[in-house]
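Presented below is the structure to which this report refers.
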Amino acid sequence: MRNILFYFLFIALLFSSCRSGADGDFPGREFIPEMAHSISFQPNLYNYYHLNTWGGEGEYYGFTLPRTPVEGTLPLGQAGLYKAIDDAEAAEIAARLQGFSMSGSVPYYYEDTEEDRQRAMDEIIDNPFPITTAGLAKGKKLYDIYCGICHGDKADGNGFIVRDDGGVYPAQPTNLLSEEFIEASNGRFYHSIMRGRNVMGAYNDKLSFEERWQVIHYIRSLQAEEMGVVYNEEENTLNDIDVPGAIWLQ
Ligand code: HEC
């Protein structure tokens, strides 16, 4: 019986201490303020609360602004460079990374202009990733999500959105299996993903650096299927640019 009494007392106490008194825009009183309002400041998040933060509001605002990384900071995924014993080893690691960082942010120096599109097509030749079974599987998954709806599962330009049973999309998506696209440089594909093309939007914010290149590998594998040639981890008889992963693993 006593236990039950205590229990009721405890519940009553709980309700009274949390009684909010919230009304309209007034959120009520907080029982333990720092549980709702972090007492730490966080980068890029403005969460000022007068009771629990250091300094005044203006000072707090200064804390939340992005800052320049300290000198010598390396992008995530490039830590190997730091460990290199000399310039030659650093250059060798940099070549292997091909600008790739785990954060997926790799600079792209081609604007959305016809001139830069041409330049991208002429200058971007190699796919920095070898052809691998895992990469092709990843590429297929992403292609089916982001490209297949328009360009079709087979990349023949006949996606659901333009087929009779689908929607009424006004523009014909490019047939990526045509001779023109089999011969096109990797840069033509990469630039389309980065900048879009006419009515097609860009996918640079949807796909990371590596993902873009795996999608391109997958498109190449569809081209190979169309041509009756081979494009996989073991062998590539579609072109003499893209490198089968097995060669790297030897
Ligand atoms: C909403 C529909 C749509 C989606 C989704 C889409 N595309 Fe396109 N794409 C188009 C259309 C339409 C064109 C033709 C644009 C033109 O030539 O005017 C095109 C053109 C292209 C071209 C040819 C560009 C050139 O140089 O002529 C490539 C390559 C391409 N798309 C790749 C992709 C890839 C890779 C994806 C997925 C990441 C994708 N597209 C997603 C509609 C789409």
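Values reported hereafter were calculated over all heavy atoms of this structure, with side chains retained and with hydrogens, waters and symmetry mates removed. In each ligand, atom 1 is the first atom listed, and ligand 1 is the first ligand listed. Values in this document were obtained by computation on a predicted structure and should not be read as measured data.
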Under 4.5 Å between side-chain heavy atoms, counting indirect links through other Ile/Leu/Val/Met/Phe/Trp/Tyr residues: same cluster for Phe129 and Leu207 or not?
yes
Those atoms of ligand 1 less than 4.0 Å from some heavy atom in Phe181
23 (C), 25 (C), 27 (O)
Region of Leu142 engaging ligand 1 - heavy atom pairs below 4.0 Å:
neither
Between His151 atom NE2 and Met200 atom SD, the angle centred on atom 8 (Fe) of ligand 1 rounds (to 10°) to 180°
With distance as the sole test, does Asp116 use its side chain to make a donor-acceptor pair with the main-chain N or O of Tyr110 at under 3.5 Å?
no
Using a 4.0 Å cutoff against the non-hydrogen atoms of Tyr146, which atoms of ligand 1 qualify?
5 (C), 37 (C), 41 (C)
Determine the interplanar angle of the Tyr190 and Trp213 rings, folded into 0 to 90°, and report it as parallel if under 30°, tilted if 30 to 60°, perpendicular if over 60°.
parallel
Could you tell me whether ligand 1 has any atom less than 4.0 Å away from a heavy atom of Lys206?
no
Going by the order shown, which atoms of ligand 1 are within less than 4.0 Å of some heavy atom of Leu176?
28 (C), 29 (C)
Keeping Asn186 on the side-chain end and Ile125 on the backbone end, is there a donor-acceptor pair under 3.5 Å?
yes
Just so I know, are the side chains of Tyr108 and Arg195 near enough to count as touching, which here means a heavy-atom distance under 4.5 Å?
yes
I'd like to know if Tyr169 contacts ligand 1, where contact means a heavy-atom distance under 4.0 Å to any ligand atom.
yes
Could you tell me whether Arg197 and ligand 1 have an N or O pair separated by under 3.5 Å?
yes
Where the closest heavy atom to atom 20 (C) of ligand 1 is concerned, which of Thr174, Asn198, Val199, Ile193 has it?
Thr174
To which protein heavy atom is atom 27 (O) of ligand 1 closest, and what is the distance rounded to 0.1 Å?
Arg188 NH2, 2.9 Å
Determine whether the side chain, the backbone, both or neither of Arg117 has a heavy atom under 4.0 Å from any heavy atom of ligand 1.
side chain
Report the nearest protein non-hydrogen atom to atom 2 (C) of ligand 1: residue, atom name, distance rounded to 0.1 Å.
Cys150 SG, 1.8 Å
Return the residue, atom name and 0.1 Å-rounded distance of the protein heavy atom closest to atom 24 (C) of ligand 1.
Ser192 OG, 3.4 Å
Between Lys138 and Glu210, is there a side-chain N and carboxylate O pair less than 4.0 Å apart?
yes
Find out whether Glu180 and Arg188 are in side-chain contact, i.e. whether some heavy atom of one side chain is under 4.5 Å from a heavy atom of the other.
yes
What's the shortest distance from atom 5 (C) of ligand 1 to any protein heavy atom, and which residue and atom give it?
Tyr203 OH, 2.8 Å
Nearest to atom 11 (C) of ligand 1, what protein heavy atom do you find, and at what distance?
Pro173 CA, 3.6 Å
Here the gap from His191 atom NE2 to Ser185 atom OG, rounded to the nearest 0.5 Å, amounts to 11.0 Å
So, the side chain of His151 versus the backbone of Asn175: is there a donor-acceptor pair under 3.5 Å, distance only?
no
Starting from atom 36 (C) of ligand 1, what is the nearest protein heavy atom, named by residue and atom, and what distance separates them?
Cys147 SG, 2.8 Å
Taking only heavy atoms of Phe189 into account, list the atoms of ligand 1 that are under 4.0 Å away from them.
29 (C)
